[in-house]
Amino acid sequence: MSEKVTNALTWLKRTLEKQGIPFQIVGGLAATIHGGSRSVADIDLYIPKVLAESLLPGVIGYISKPLAHYVEYGWDLEYFQLIYKGQKIEIGLSP
């Protein structure tokens with residue numbers, strides 16, 4: 001895992017834990033954690049929808065795509081995107 005991914009993940013984990021927000025890591029990072037050799041382009045995770053509004057003020061300076069319902073690239077979900085020190089992070093909302 002690259003240093004950029006590690007730094008962003010450390011910041012994100014600290015931010016979520018500080019707010020008491022549970023999360024589920026998915027995508028390439030989850031595959032890597034479980035022993036896969038897939039490269040990590042971005043950090044994908046889900047948080048409970050009811051807690052999204054409490055997280056947004058703490059990450060406002062990193063938002064590159066606002067919280068909305070997106071239908072694109074074969075996806076249909078509600079999420080927002082952050083860029084932390086050059087690392088893309090996509091946070092989807094789970095019901």
Side-chain angles (χ1 to χ4, degrees):
M1 196 172 342
S2 74
E3 186 174 338
K4 185 167 73 168
V5 170
T6 301
N7 289 339
L9 187 58
T10 300
W11 167 79
L12 184 58
K13 183 177 181 285
R14 196 173 341 125
T15 301
L16 292 166
E17 287 178 345
K18 182 178 177 184
Q19 298 253 352
I21 299 174
F23 58 94
Q24 176 184 18
I25 296 172
V26 296
L29 180 58
T32 300
I33 290 169
H34 290 285
S37 58
R38 185 174 164 187
S39 64
V40 178
D42 59 3
I43 297 171
D44 299 306
L45 62 122
Y46 287 103
I47 64 170
K49 183 175 183 170
V50 297
L51 299 176
E53 293 296 327
S54 65
L55 175 61
L56 290 172
V59 299
I60 194 87
Y62 302 102
I63 295 175
S64 57
K65 203 171 197 179
L67 175 58
H69 181 201
Y70 295 93
V71 179
E72 58 188 9
Y73 312 113
W75 295 98
D76 181 357
L77 72 149
E78 195 170 6
Y79 79 99
F80 60 101
Q81 184 181 86
L82 309 174
I83 303 290
Y84 178 80
K85 297 186 178 180
Q87 179 59 57
K88 183 167 65 168
I89 301 166
E90 294 182 333
I91 301 176
L93 306 186
S94 66

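Since we're looking at a predicted model, the values are computed, not measured. Side chains are part of it too, since the values below use all heavy atoms of this structure and drop only hydrogens, waters and symmetry mates.
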Q) V71 and L67: same hydrophobic cluster, using ILVMFWY side-chain contacts below 4.5 Å? A) no

**Q.** Non-hydrogen atoms of H69 and L77 that approach each other most closely
**A.** CD2-O, 3.4 Å

Q. Can you check whether K49 reaches P95 side chain to side chain, under 4.5 Å on heavy atoms?
A. no

(Q) If you define the side chain from C-beta out and look only at heavy atoms, does anything of I47 sit under 4.5 Å from L16? (A) yes

Q) So do the side chains of F23 and I91 get within less than 4.5 Å of each other, counting heavy atoms only? A) no

Q | Joint hydrophobic cluster, I83 plus Y73, side-chain heavy atoms closer than 4.5 Å | A | no

Q) How far apart are the closest heavy atoms of Y46 and L93, and which atoms are they? A) CD2-N, 4.0 Å

Q) Is it true that Y79 and Y70 have ring centroids separated by less than 6.0 Å? A) yes

Q | Value rounded to 0.5 Å, distance of CG in D42 from CG in L82 | A | 11.5 Å

Q) Closest heavy-atom contact between A8 and I43? A) CB-CD1, 3.9 Å

Q.
Using side-chain heavy atoms (C-beta onward) and a distance below 4.5 Å, is L51 in contact with P22?
A. yes

Q.
On the six-membered ring of Y62, is K85 placed so that its NZ or CZ lies under 6.0 angstrom from the centre and within 45° of the ring axis?
A. no

**Q.** side-chain hydrogen bond (donor to acceptor under 3.5 Å, both in side chains) partners of residues 86-95, not counting sequence neighbours, each pair once
**A.** Q81-E90

Q) Which heavy-atom pair separates I21 from L55 by the least distance, and what is that distance? A) CD1-CB, 3.6 Å

Q) Can you check whether I89 reaches D44 side chain to side chain, under 4.5 Å on heavy atoms? A) no

**Q.** Contacts of type side-chain contact (heavy atoms from CB on, under 4.5 Å), residue E3, not counting sequence neighbours
**A.** N7

